[in-house]
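All values below were derived from every heavy atom in this structure, side-chain atoms included, with hydrogens, water molecules and symmetry-related copies excluded.
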Amino acid sequence: MGERGRFKRPHLPTGRLRDLNNALHSLHLAAGLPSTAAMSKDMGHTFTRSCIHDAFTKPQLPSWDVVDCLIEVLGKRAPTTTPEEMLGEVHALWVLAAADARRGQGGGPLGDEAVREEVTDIVAHLFNVRPRDLGPATRFREDLGVDSLAALELTVSIERRFQVRMSPIETVVSELLCVGDLVDFVCHHIRVGTAADPT
């Protein structure tokens, strides 16, 4: 876009991804239609102008990290709302759109990037950290303080969300040492469609 104005909306079927996209466009309007350059600057150039533009205009699910930053930046600019007020609503829309993508509705099958986003979101929610503060090298034990009980909670959440079997429970803290290991495990089992152990 480069200048102040509206983004072109993608052609999306009725559904949760469209609802999420509409919410982003509404927040952009409420914030005064800032340019991609202004939003990128407000984010400390965490995301490129192109990445921000794609979140508004592409028919694919944007990453949660991008959406989270957009909520923060646009919520601060909007006179009628705050980032905190928008976070829960937009996060719920993103999770529902991601679930639809997983089931093959409105976005196709869940790819590796979407798996990474969802795993990161689950870990962030369980351990009360922001998704953008987690990376592939974030270690479960050392960085997040995961003990046996927390490993059980994480295991159950991952098994329910992705229909994969993680046995034994200790796998999370013994073999899958960091977030990236868990993402790789889930991606592998989604691709092969099995419930084998991560070996």
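Taking the side chain as every heavy atom from C-beta outward, Leu33 and Phe7 never approach each other to under 4.5 Å. Considering only heavy atoms from C-beta on, Pro83 comes within 4.5 Å of Lys76 through its side chain. Using a 4.5 Å heavy-atom threshold, the side chains of Arg18 and Asn22 count as touching. Here the side chains of Glu118 and Trp94 are in contact, with some heavy-atom distance below 4.5 Å. Using a 4.5 Å heavy-atom threshold, the side chains of Leu93 and Leu17 count as separate. Taking 4.5 Å as the limit, some side-chain heavy atom of Leu27 sits within range of a side-chain heavy atom of Thr81. Cys187 has its side chain within reach of Val183: a pair of non-hydrogen atoms, C-beta onward, lies under 4.5 Å apart. Put simply, the side chain of Val179 does not reach to within 4.5 Å of the side chain of Pro136, judged on heavy atoms.
With sequence neighbours left out, the ring-ring contact (aromatic ring centres under 6.0 Å, His included) criterion links His125 to no other residue. Not counting sequence neighbours, the partners of Lys58 by the side chain to side chain contact (heavy atoms under 4.5 Å, CB included) test are Asp54, Gln60.
The line from OG of Ser63 to CG of Asp121 is 11.0 Å long, rounded to the nearest 0.5 Å. The structure places CZ of Arg139 at 15.5 Å from CG of Leu176, a figure rounded to the nearest 0.5 Å. Going from atom CZ of Phe47 over to atom SG of Cys69 covers 4.5 Å, rounded to the nearest 0.5 Å. Taking CG of Asp19 as the reference point, atom OG1 of Thr14 lies at 8.5 Å (rounded to 0.5 Å). Atom CD of Glu159 and atom CG of Leu154 lie 10.0 Å apart (nearest 0.5 Å). A distance of 11.0 Å separates CG of Leu144 from CG of Asn128, quoted to the nearest 0.5 Å.
Cys51 and Val66 get closest at one heavy-atom pair: SG-CG2, 3.5 Å. Taking every heavy atom of both residues into account, Pro79 and Ala30 meet most closely at CD-O, 3.3 Å.
Of the candidates Leu20, Asn21, Ile52, Leu70, Pro62 forms a side chain to side chain contact (heavy atoms under 4.5 Å, CB included) with just one, namely Leu20.
Side-chain atoms of Asp181 come within 3.5 Å of backbone atoms of Leu177 as a donor-acceptor pair (strictly under, hydrogens ignored). For Thr138 (side chain) and Gly135 (main-chain N/O), a donor-acceptor pair under 3.5 Å exists by modelled atom type. Glu85 places a side-chain N or O within 3.5 Å of a backbone atom of Thr82 that can act as its donor or acceptor partner. The backbone N or O of Trp64 sits less than 3.5 Å from a side-chain atom of Glu117, completing a donor-acceptor pair. For Thr46 (side chain) and Met43 (main-chain N/O), a donor-acceptor pair under 3.5 Å exists by modelled atom type. In this structure, the side chain of Ser40 does not engage the main chain of Thr48 through any donor-acceptor pair within 3.5 Å. Listed for the Thr155 side chain is a donor-acceptor partner under 3.5 Å among the backbone atoms of Ala151.
Atom NE2 of His45 has more than 12 neighbouring heavy atoms from other residues, nucleotides or ligands inside a 6.0 Å radius.
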Quick one, Asp68 with His91, criterion side chain to side chain contact (heavy atoms under 4.5 Å, CB included). Give me CA distance, side-chain angles, the key distance, then yes/no. CA-CA 8 Å; Asp68 187 31; His91 181 259; over 6 Å; no
So Val146 and Arg141, side chain to side chain contact (heavy atoms under 4.5 Å, CB included) or not? Walk me through it. CA-CA 5 Å; Val146 173; Arg141 224 178 244 175; 5.5 Å; no
Please step through side chain to side chain contact (heavy atoms under 4.5 Å, CB included) for the pair Phe127 and Leu134, ending with a clear verdict. CA-CA 11 Å; Phe127 302 107; Leu134 296 171; over 6 Å; no
Dump the intermediate steps for salt bridge (charged side-chain N to carboxylate O under 4.0 Å, His left out) on Arg130 and Glu72, then the final yes or no. CA-CA 12 Å; Arg130 290 187 73 118; Glu72 188 171 327; 3.3 Å; yes
Please assess Arg77 against Asp42 for the test salt bridge (charged side-chain N to carboxylate O under 4.0 Å, His left out), listing each intermediate value before the final yes or no. CA-CA 10 Å; Arg77 286 176 170 256; Asp42 288 352; 2.8 Å; yes
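Using cut-offs of 30° and 60° for the angle between ring planes, the His28 and Phe56 rings count as tilted.
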